[in-house]
Amino acid sequence: MSKIHILLTFDYEIFGNGTGDVKGCLVNPTENILQLLRRYNAGATFFVDVCLIWALRDRHNSAALQKLNYHPLTLMEDQLSAILSEGHDVQLHAHPQLINAGYNGCGFDVNYDHWRIIDLPYDGDNGGPSIKNIISEGKATLTELCRRSRPGYRVLAFRAGGLCSRPEKMLLKALRENEIPFDFSGSYNFKSDSWPGIVDYTDVFTEPEPIPAGENYNDRRQCSDLILFPIYGALYHNFLSEFGPRLLEKIKKDDSRWKWKKKRPEGANGNTSIPGYKPKPPERIRFLSRWKPITINFYLENRIYDMIWCAKDAVKRYAGSGKDIYMVGLGHPKAMGDLSQLELFFQWIQNHNRGDIFRFPIVRELPDHPFVTTRLQELQYMTEN
């Protein structure tokens, strides 16, 4: 029987520019997330930045790290063991700018030329980082680390840092060579023109559902066993779509949910500034622009109405097709200082789970899903014809 599968994923990382305290950005907020998941019996997958693990190992004996009253790598390893022991999953994530980065006491001195994994050479013949080595060595690092607490652990999925996976040809080649069948780097209707995280997925998806990938994301003929799972998104047509819910809250004299603002966890000290980056001035808001459709993506650190908007869209698509729907949600512990909205979303799911259609699977369960075997059959048919 088909279901709506809500894949909760969290990027286990510090800030992209190398700043951020591991305890404040990762360990403490992740523990709060785990407590919430326990309360609602929901599974989640944590995409762990192996480049951060390597950077901490390389600087293990540095004077700056020795001044801390704890060792960040030990805290991370202990928490990852707890994540697996509680039935959640750990998969591969990488921010190459952290490779060989020095630690200055306030953060890592990152290499902005290595921000996007796809800008690296495929082979590391010159001794520097490469796409092939990051994927293969990252898989080896996570496998060794996770099998301490889960002997049968396997790396099945990868997410590129900053979702920067395009052009994807060499990255997909590396994933196939390392037998990693799932790519979680995509996002429905997502585009960023901001340096250094330039990426565009607007030509990849016609719907916010997983797609098979061949030599690139748009290749449907020469496909193998690699599937791209995008962050879920739903079209939001205009401000009148929210008029009803907002008016109801006003009538109840309870608009606290609308006043809610995302905030960092206590102790998540760091910044997001990128040297040399100048943001574009905001475009003038015209009246007609309020009527243009935009995409609301399923971000777990946003307000409840955005998450519910995506869930209702998934319900409509499920009712119209009767097939499995996969809702990939993305969250960052370093940005999740207030979990009240995510908790309200869990409560909404409980209240609207008629027919028991909602599930919270983790990545390691995906190979057993009929969806995956069906996709592979479709690929075989397409290849033969």
Side-chain angles (χ1 to χ4, degrees), residues 3-14 22-49 75-93 142 145-146 149-150 153 155-157 159 182 184 229 231-232 257 260 262-268 297-308 310-311 314 325-353 356-366 368-369:
K3 302 288 182 182
I4 298 176
H5 305 282
I6 302 177
L7 285 151
L8 305 175
T9 69
F10 299 90
D11 284 358
Y12 196 79
E13 62 188 29
I14 58 174
V22 167
K23 182 183 289 186
C25 288
L26 279 183
V27 176
N28 291 345
T30 298
E31 177 55 36
N32 294 335
I33 292 170
L34 290 173
Q35 291 178 9
L36 182 63
L37 295 173
R38 290 185 207 115
R39 201 148 57 236
Y40 291 92
N41 194 30
T45 300
F46 292 82
F47 280 83
V48 176
D49 185 359
L75 287 183
M76 288 176 63
E77 291 178 347
D78 290 346
Q79 187 166 66
L80 293 178
S81 177
I83 286 171
L84 290 168
S85 66
E86 292 189 28
H88 303 295
D89 199 11
V90 169
Q91 294 297 331
L92 182 59
H93 188 42
L142 274 192
L145 182 61
C146 293
S149 54
R150 188 177 180 83
Y153 170 83
V155 174
L156 295 171
R159 174 176 286 150
F182 305 129
F184 276 72
F229 284 79
I231 299 167
Y232 197 87
R257 296 180 189 177
W260 177 88
K262 181 169 62 176
K263 66 178 182 179
R264 292 184 186 179
E266 183 178 356
N297 290 107
F298 188 27
Y299 294 128
L300 306 177
E301 57 224 40
N302 283 357
R303 62 176 184 164
I304 180 177
Y305 291 115
D306 292 340
M307 291 185 275
I308 289 177
C310 291
I325 303 295
Y326 288 81
M327 291 183 62
V328 177
L330 173 61
H332 298 83
K334 63 190 178 187
M336 301 180 73
D338 184 349
L339 299 177
S340 63
Q341 302 297 287
L342 183 56
E343 182 165 17
L344 287 171
F345 177 71
F346 284 140
Q347 294 172 3
W348 186 91
I349 291 295
Q350 286 183 338
N351 294 332
H352 293 78
N353 201 11
D356 203 27
I357 63 170
F358 290 105
R359 287 285 187 272
F360 289 94
I362 55 180
V363 166
R364 69 167 174 262
E365 297 171 352
L366 289 179
D368 296 327
H369 280 214

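We use all heavy atoms of the structure for the numbers below, so side chains are in, but hydrogens, waters and symmetry mates are not.
Screening T45, L366, I83, L156 against D89 for a side-chain contact (heavy atoms from CB on, under 4.5 Å) leaves a single residue, T45.
Contact check for P361 versus H5: side-chain heavy atoms found under the 4.5 Å cut-off. Taking the side chain as every heavy atom from C-beta outward, Y153 and L142 approach each other to under 4.5 Å. Counting only heavy atoms from C-beta outward, the side chains of L8 and F360 approach each other to under 4.5 Å.
Atom CG of N41 has 12 or fewer neighbouring heavy atoms from other residues, nucleotides or ligands inside a 6.0 Å radius. Within a 6.0 Å radius of CD in E266, other residues, nucleotides and ligands contribute 12 heavy atoms or fewer.
Between the E13 side chain and the D49 main chain, no donor and acceptor come within less than 3.5 Å of each other. Listed for the N353 side chain is no donor-acceptor partner under 3.5 Å among the backbone atoms of I349. At distances below 3.5 Å, at least one donor-acceptor pair connects side-chain atoms of H93 with backbone N or O atoms of R159.
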### Task
Start with the C-alpha distance between L26 and Y12, add both sets of side-chain angles, then the distance that settles side-chain contact (heavy atoms from CB on, under 4.5 Å), and finish with yes or no.
CA-CA 7 Å; L26 279 183; Y12 196 79; 3.8 Å; yes
### Query
Hey, mind stepping through L330 and Y232 against side-chain contact (heavy atoms from CB on, under 4.5 Å) and telling me if it holds?
CA-CA 9 Å; L330 173 61; Y232 197 87; over 6 Å; no
### Query
Is there a side-chain contact (heavy atoms from CB on, under 4.5 Å) between F346 and R39 once you walk through the steps?
CA-CA 10 Å; F346 284 140; R39 201 148 57 236; over 6 Å; no
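Closest non-hydrogen pair, I362 versus G43, comes out as CG2-C, 3.8 Å. Scanning both residues, I325 and A314, for their nearest heavy atoms gives CG2-CB, 3.9 Å. Nearest heavy atoms, G24 versus A268: O-CB, 3.7 Å. Minimum heavy-atom separation, K263 to D338: CE-CB, 3.9 Å. Across every non-hydrogen atom of F358 and I6, the tightest pair is CD2-CD1, 3.7 Å. In terms of heavy atoms, W260 sits closest to R303 at CZ3-N, 3.4 Å.
Atom CD of E343 and atom CG of L37 lie 11.0 Å apart (nearest 0.5 Å). The distance from the CZ atom of F46 to the NE2 atom of H88 is 6.0 Å, given to the nearest 0.5 Å. Note that CD of Q341 is 6.0 Å distant from CE of M307, once rounded to the nearest 0.5 Å. Distance check: E301 CD to K334 NZ gives 9.0 Å after rounding to the nearest 0.5 Å. Atom CZ in R364 sits 13.5 Å away from atom CZ in F182 (nearest 0.5 Å). Note that CG of L7 is 10.0 Å distant from CE of M327, once rounded to the nearest 0.5 Å.
Two rings, from F345 and Y40, have their centers 6.0 Å or more apart.
The aromatic rings of F184 and F229 sit parallel to each other, their planes meeting at less than 30°, with 60° as the upper class boundary.
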